[in-house]
Engineer: 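Following this message is one structure expressed as structure tokens.
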2 protein chains.
Amino acid sequence: MLLSKTCTYGLLATLFVATQKGKRDYVPIREISRQLNISFHFLTKILQRLTTHNIMNSHRGPNGGVRLARTPDQISLMDIIEALDGNKIFEGCVLGLPGCGETAPCPLHQSWSQSRDIIIHSFTTANLATMSHEIQKGMLRISGMDDGLTRKDH
Amino acid sequence: MLLSKTCTYGLLATLFVATQKGKRDYVPIREISRQLNISFHFLTKILQRLTTHNIMNSHRGPNGGVRLARTPDQISLMDIIEALDGNKIFEGCVLGLPGCGETAPCPLHQSWSQSRDIIIHSFTTANLATMSHEIQKGMLRISGMDDGLTRKDH
DNA sequence: TATAATTCAGACTCTTTTATCTTTAATTTA
DNA sequence: TAAATTAAAGATAAAAGAGTCTGAATTATA
């Protein structure tokens, strides 16, 4: 898998929050965790990172929770991936060859650069607005990580 | 990094063997390990897998070692990657979304398919012949994994 | 036939990453 | 003040990846 579980959890949670928009202000993490069947504490950590990266806002206390820090169209998939997985996926030589660079490119250097640019482009143009629109049209399910496991903490 | 260390070691070793072609028949693993500064026993395992996947031939005893099982132009990068890393990199939904498929594609499904095809294409067309040609032209170094460590076993 | 050189095979350890759980503290609302 | 909620840090567990070690099997050659 290209993306880590942390990253997909973060994405699913963000999408979930995006589709709740309007119904209320802050969405409690515990509820997200229950709906998506993700460990509450794990999800908490993930959302904390999204908060520090200014993708989410959080609020403590009763009626607290998280909400999007910006409008859905201003949050790209790339933002979430960078916040959670960093950009190590997109850096360096594909082959891991030492010394590969512009001056001495490996045989795949060029074509990998192209592929990578395509990937980055699609990650950057995909934003929460279009994705949650897809969800409302029924093109995409976010019905939870149903891996058959029961977790202690939601 | 997209590819595992196992995979880059395997690739480097295979390239090394390819560039030795003609000088002798079998190349001892111990020598490859010394030249590329890769742990001998670890490299042995890797090359065993390449042998079972019919990328290398091996020979025991004095003057033994490994050699390419086919001509360099008939061994693609993809062959090596599949033998060592499998094809899990190229399978499944990029986002890891449950239920993503042709009938209910996620928002990135199409563009990811395209990117993936490009990557697979370049991995498939890159073969040892062209790559070792680059090496002879000095475009690519395979001068070893010089990570500053000394290994006990070469 | 003995010996040395080599791969083969498997078990083992160490490290890193990923995922989860536990606990305590801080904050906010009612 | 009590209850609800996130914040923070760390412990733990599981899995995968990387690397090491030992011994057996095979082979060339002296």
Side-chain angles (χ1 to χ4, degrees), chain A residues 1-10 12-13 17 24-34 36-53 56-67 69 84-86 88-89 96 145 147-154, chain B residues 1-10 12-13 17 24-34 36-53 55-67 69 84-86 88-89 96 145 147 149-154:
Chain A
M1 204 166 19
L2 188 74
L3 303 178
S4 71
K5 228 164 181 180
T6 294
C7 201
T8 44
Y9 285 173
L12 289 175
V17 171
R24 71 194 117 176
D25 204 5
Y26 291 97
V27 184
I29 299 179
R30 182 141 258 138
E31 186 182 330
I32 305 172
S33 119
R34 264 195 285 257
L36 301 179
N37 193 35
I38 299 170
S39 156
F40 167 71
H41 294 287
F42 190 31
L43 187 56
T44 293
K45 273 194 187 174
I46 296 170
L47 295 181
Q48 270 171 37
R49 272 163 76 187
L50 292 181
T51 301
T52 60
H53 279 80
M56 295 278 201
N57 288 149
S58 64
H59 199 69
R60 297 199 241 200
N63 306 323
V66 292
R67 69 177 180 194
L84 298 176
D85 276 357
K88 59 184 184 303
I89 319 173
M145 305 302 290
D147 52 8
L149 299 177
T150 39
R151 268 163 264 267
K152 289 181 191 171
D153 67 342
H154 35 88
Chain B
M1 206 167 18
L2 190 72
L3 303 178
S4 71
K5 229 163 181 179
T6 294
C7 200
T8 43
Y9 286 172
L12 289 174
V17 171
R24 71 194 118 178
D25 205 4
Y26 293 97
V27 184
I29 300 178
R30 182 142 260 137
E31 187 182 330
I32 306 172
S33 118
R34 265 195 284 257
L36 302 179
N37 193 34
I38 299 170
S39 155
F40 168 70
H41 293 290
F42 191 30
L43 186 56
T44 293
K45 270 197 197 168
I46 296 169
L47 295 181
Q48 270 172 40
R49 274 164 76 186
L50 292 182
T51 301
T52 61
H53 279 79
I55 291 168
M56 295 278 200
N57 287 149
S58 64
H59 197 71
R60 298 199 243 199
N63 307 325
V66 292
R67 69 176 181 198
L84 298 176
D85 276 357
K88 58 184 183 306
I89 319 172
M145 306 302 290
D147 51 8
L149 299 176
T150 39
R151 270 163 261 269
K152 291 178 189 170
D153 67 342
H154 33 92

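So that the names make sense, note that chain A is the first sequence line, chain B the second, and so on, each numbered from 1. Everything quoted here is computed from the prediction, not taken from an experiment.
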Engineer: Apply the side-chain contact (heavy atoms from CB on, under 4.5 Å) test between A:V66 and each candidate in A:N57, A:L43, A:L50, A:I29; give the one that qualifies.
Structural biologist: A:I29

Engineer: Report each atom pair, protein N/O against N/O of nucleotides 28-30 of chain D, whose distance is under 3.5 angstrom.
Structural biologist:
unit_1: D:dA28; atom_1: OP1; unit_2: B:H59; atom_2: NE2; d: 3.2
unit_1: D:dA28; atom_1: O3'; unit_2: B:N63; atom_2: ND2; d: 3.4
unit_1: D:dT29; atom_1: OP1; unit_2: B:N63; atom_2: ND2; d: 3.3

Engineer: Using every non-hydrogen atom in the two residues, find where B:Y26 and B:N63 come nearest and quote the distance to one decimal.
Structural biologist: CB-O, 3.7 Å

Engineer: Examine C:dC8: is either OP1 or OP2 under 4.0 Å from a nitrogen or oxygen in the side chain of B:S58? Give yes or no.
Structural biologist: yes

Engineer: Can you find a pair of side-chain heavy atoms, one from A:Q48 and one from A:T44, that are under 4.5 Å apart?
Structural biologist: yes

Engineer: Send over the distance from B:I46 CD1 to C:dC8 P, rounded to a whole Å.
Structural biologist: 14 Å

Engineer: Calculate the interatomic distance between B:L3 atom CG and D:dG17 atom P; express it in whole Å.
Structural biologist: 13 Å

Engineer: If you look at every strand shown and take non-hydrogen atoms under 4.0 Å, does A:L47 touch a base, only sugar-phosphate, or nothing?
Structural biologist: nothing

Engineer: Does any part of the side chain of A:I32, heavy atoms only, come nearer than 4.5 Å to the side chain of A:V27, both counted from C-beta?
Structural biologist: yes

Engineer: Round to the nearest Å and state the distance from B:I32 atom CD1 to C:dT6 atom P.
Structural biologist: 12 Å

Engineer: Round to a whole Å and report the spacing from CG of A:L43 to P of D:dT6.
Structural biologist: 10 Å

Engineer: Let me confirm one number: the SG-NZ distance from B:C7 to B:K5, rounded to the nearest 0.5 Å.
Structural biologist: 13.5 Å

Engineer: Just to confirm, is there a sub-4.0 Å distance from OP1 or OP2 of C:dT20 to any side-chain nitrogen or oxygen of A:Y9?
Structural biologist: yes

Engineer: Would you say A:M56 and A:V17 make side-chain contact, with heavy atoms under 4.5 Å?
Structural biologist: yes

Engineer: To the nearest angstrom, how far is A:I29 atom CD1 from D:dA8 atom P?
Structural biologist: 11 Å

Engineer: Could you pull out the protein-nucleic contacts involving nucleotides 9-18 of chain C (nitrogen or oxygen on both sides, under 3.5 Å)?
Structural biologist:
unit_1: C:dA11; atom_1: N6; unit_2: B:K45; atom_2: NZ; d: 3.1

Engineer: Taking atom P of D:dA18 as reference, at what distance in whole Å does atom CD1 of B:I38 sit?
Structural biologist: 12 Å

Engineer: Give, for atom CG of B:L2 and atom CG of B:D85, the distance between the pair rounded to the nearest 0.5 Å.
Structural biologist: 8.5 Å

Engineer: Using modelled atom types and a 3.5 Å cut-off, is there a donor and acceptor pairing between side-chain atoms of A:S33 and backbone atoms of A:I38?
Structural biologist: yes

Engineer: Residues in side-chain contact (heavy atoms from CB on, under 4.5 Å) with B:T6, at least two apart?
Structural biologist: B:S4, B:F42, B:I46, B:R49, B:L84

Engineer: C:dT7 C1' sits how many Å from B:M56 CE, rounded?
Structural biologist: 13 Å

Engineer: Grab the CG-C1' distance between B:L84 and D:dG19 for me, whole Å please.
Structural biologist: 16 Å

